[in-house]
Amino acid sequence: MNDLHDEDLRGLLREHYLRTDPAPERVHHAARGAFAWRDVENELAELAADSLLVDAPVRSRTGPRLLSFACGPVAIEMEVNETGRTRQVVGQVLPPTAGELQVRGPQHGVRPDELGRFFLDDLPAGPFSLTWRPSEGPCCNTAWIDI
Amino acid sequence: MAAEPTLTAMLTAAAAGDQSAWDALVERFAPLVWSIARAHNLDRAEAADLSQTVWLRLVEHLGRIREPEALPGWLRSTAQHECLRIRRRTREAPVDWRALPDIPDQAATDTPALADERDTVIATALTRLSIKCQSLLRVFAFSPDAAYAEIAGALGMPIGSIGPTRARCLGHLRTRLESVGYLAPSR
């Protein structure tokens, strides 16, 4: 009997939140649009390290976020800096490898230098992913993160 | 009218490239993802970014969800990890659930008058509960099949701490709603 009452109350709460604080339509719209990023060709470069996940007792709260993605034979390291709602990414492909990086989203491609370094400016805050296209070998997409 | 497709059917079709199956997944679970972001006190812009990141992650993982019934749990867990990152990124400490009292925040007495009078009554009753209860119930509202441990996990609450359970929070809410005549007294 109690289960029925709980379920009724859950339904009541659910309707209440849907009326008073629903996700905006643009959130639903963008979520449907996320499907366009489905990619069965390229490999997925998982996030190997994220300074935001380090549970250090005293963690620098002023430093930039440091990330590392493992992409086949290379690691893609990045440092993310914020200015308001804009982001800058300074990164390096290691070991230095011939290839090109493409931001998945607004048109933005970059070719790492001979030391593998690259720089991306004026990125919007929000979901971020790169496609790494080496001159030889399979392409990778870095796992989506929210910067 | 066709019966609502099962979760297995929706996931299988989406993994095979079916946009309408994906749209159905979004329709069904977007409120859950949003509820977790809001239960973590993210503002609407952060909650929107979090939602999108979770959905993009799901697109990446579509082919690998072994147990379709595990999808809501996967969404809760992914959303919870992103909330943690967002709070850390904005220099906010994660919510220290152990430090929060199990009693209502006496300072929070103002409730907005909402368009639908039912909602004013419900919102008022909710503010009379502890922050922990309010957060638990927010996620519970969109988690029909989740155990307490899962819902607490979605909020980063330590399991096994003495504190509010779903049953207790619901009990408090029911009592409040009965006392203002919104609900008939239960047996």
Side-chain angles (χ1 to χ4, degrees), chain A residues 1-2 4-40 44 46 50-55 59 61-62 64-65 80 82 85 104-105 124-129 141-147, chain B residues 14-15 17 19 22-23 25-27 29-31 33-35 37-38 44-63 81-82 84-86 88-89 91 112 114-116 118-119 122-123 126 137-138 140-144 166-167 170 173-174 177 183 186-187:
Chain A
M1 246 336 132
N2 223 17
L4 263 182
H5 288 147
D6 281 3
E7 187 51 31
D8 285 342
L9 208 39
R10 190 189 70 79
L12 188 147
L13 280 171
R14 182 177 183 276
E15 296 308 310
H16 167 69
Y17 291 123
L18 285 175
R19 280 190 303 269
T20 58
D21 186 23
E25 176 50 34
R26 63 185 173 84
V27 169
H28 284 257
H29 179 80
R32 290 192 290 268
F35 198 61
W37 290 107
R38 178 173 168 270
D39 185 344
V40 294
L44 176 64
E46 295 276 17
D50 182 353
S51 62
L52 277 184
L53 294 182
V54 174
D55 263 335
R59 191 166 38 82
R61 291 179 183 267
T62 56
R65 184 178 182 187
V80 183
E82 305 183 12
R85 292 276 294 171
R104 298 173 82 204
F128 173 80
S129 170
N141 297 324
T142 62
W144 287 98
I145 55 170
D146 180 9
I147 60 172
Chain B
Q19 173 82 51
W22 174 260
D23 291 352
L25 285 170
V26 169
E27 171 94 17
F29 292 111
V33 175
W34 183 257
S35 78
R38 299 294 271 165
R44 292 165 73 79
E46 291 169 331
D49 284 346
L50 177 141
S51 291
Q52 190 62 0
T53 304
V54 170
W55 289 109
L56 286 163
R57 286 271 186 65
L58 181 59
V59 170
E60 282 175 349
H61 281 88
L62 269 178
H81 284 119
E82 277 309 310
L84 189 66
R85 282 191 178 105
I86 288 173
R88 283 181 174 175
R89 207 184 70 221
R91 325 281 192 252
L114 297 165
D116 186 322
R118 289 177 289 179
D119 292 320
I122 295 169
L126 285 167
L137 291 180
R138 179 85 202 238
F140 166 66
F142 295 95
S143 304
R166 188 188 89 179
L170 277 177
L173 180 66
R174 189 177 292 116
L177 291 175
L183 285 181
S186 46
R187 266 178 285 103

query: In terms of heavy-atom proximity below 4.5 Å to chain B, should A:Arg65 be classed as side chain, backbone, both, or neither?
result: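 For A:Arg65, the side chain is the part near chain B, not the backbone.
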task: Check each atom of A:Asp50 against the heavy atoms of chain B and say whether the ones under 4.5 Å are side chain, backbone, both or neither.
output: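 For A:Asp50, side-chain heavy atoms alone lie under 4.5 Å from chain B.
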Pick from [options]: which one has the most heavy-atom pairs with chain A under 4.5 Å?
{"options": "B:Ser35, B:Ala30, B:Gly63, B:Gly17", "answer": "B:Gly17"}
{"options": "B:Val59, B:Leu62, B:Leu56, B:Val54", "answer": "B:Leu56"}
{"options": "B:Arg138, B:Arg118, B:Arg44", "answer": "B:Arg138"}
{"options": "B:His61, B:Arg38, B:Glu27, B:Glu82", "answer": "B:Arg38"}

Measure the shortest side-chain to side-chain distance between [X] and [Y] over non-hydrogen atoms and say whether it is less than 4.5 angstrom.
{"X": "B:Arg85", "Y": "A:Ile145", "value": "no"}
{"X": "B:Glu60", "Y": "A:Asn141", "value": "no"}
{"X": "A:Leu9", "Y": "B:Leu183", "value": "yes"}
{"X": "A:His16", "Y": "B:Asp116", "value": "no"}
{"X": "A:Val27", "Y": "B:Val33", "value": "no"}

Residue, of A:Thr20, A:Leu44, A:Val40, A:Asp39, that accumulates the most heavy atom pairs under 4.5 Å with chain B: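 When all of A:Thr20, A:Leu44, A:Val40, A:Asp39 are compared, A:Leu44 has the most.
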Among A:Pro24, A:Ala31, A:Ala30, residue most engaged with chain B (heavy-atom pairs, under 4.5 Å):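 Of the options given, most contacts go to A:Ala31.
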Say you draw a straight line from [atom1] of [X] to [atom2] of [Y]; how long is it, rounded to the nearest 0.5 Å?
{"X": "B:Trp34", "Y": "A:Leu18", "atom1": "CH2", "atom2": "CG", "value": "12.0 Å"}
{"X": "A:Asp21", "Y": "B:Asp119", "atom1": "CG", "atom2": "CG", "value": "11.0 Å"}
{"X": "A:Arg10", "Y": "B:Leu173", "atom1": "CZ", "atom2": "CG", "value": "14.0 Å"}
{"X": "B:Leu177", "Y": "A:Leu12", "atom1": "CG", "atom2": "CG", "value": "6.5 Å"}

State whether the side chain of [X] and the backbone N or O of [Y] hold a donor-acceptor pair below 3.5 Å, judged by distance alone.
{"X": "B:Gln19", "Y": "A:Arg32", "result": "yes"}
{"X": "A:Arg38", "Y": "B:Ala15", "result": "yes"}
{"X": "B:Arg57", "Y": "A:Ala143", "result": "no"}

- prompt: Which heavy atom of A:Leu13 sits nearest a heavy atom of B:Ala141, and at what distance?
  reply: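 Where A:Leu13 meets B:Ala141 most closely, the heavy atoms are CB-CB, 4.0 Å.
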task: Measure across B:Gln52 and A:Pro127 and return the closest heavy-atom pair with its distance rounded to 0.1 Å.
output: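 What the structure gives for the nearest pair is CG-CG, 3.6 Å.
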query: Can you say whether the rings of B:Trp22 and A:Phe35 are parallel (under 30°), tilted (30 to 60°) or perpendicular (over 60°)?
result: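 Rings of B:Trp22 and A:Phe35: parallel, as their planes differ by under 30°.
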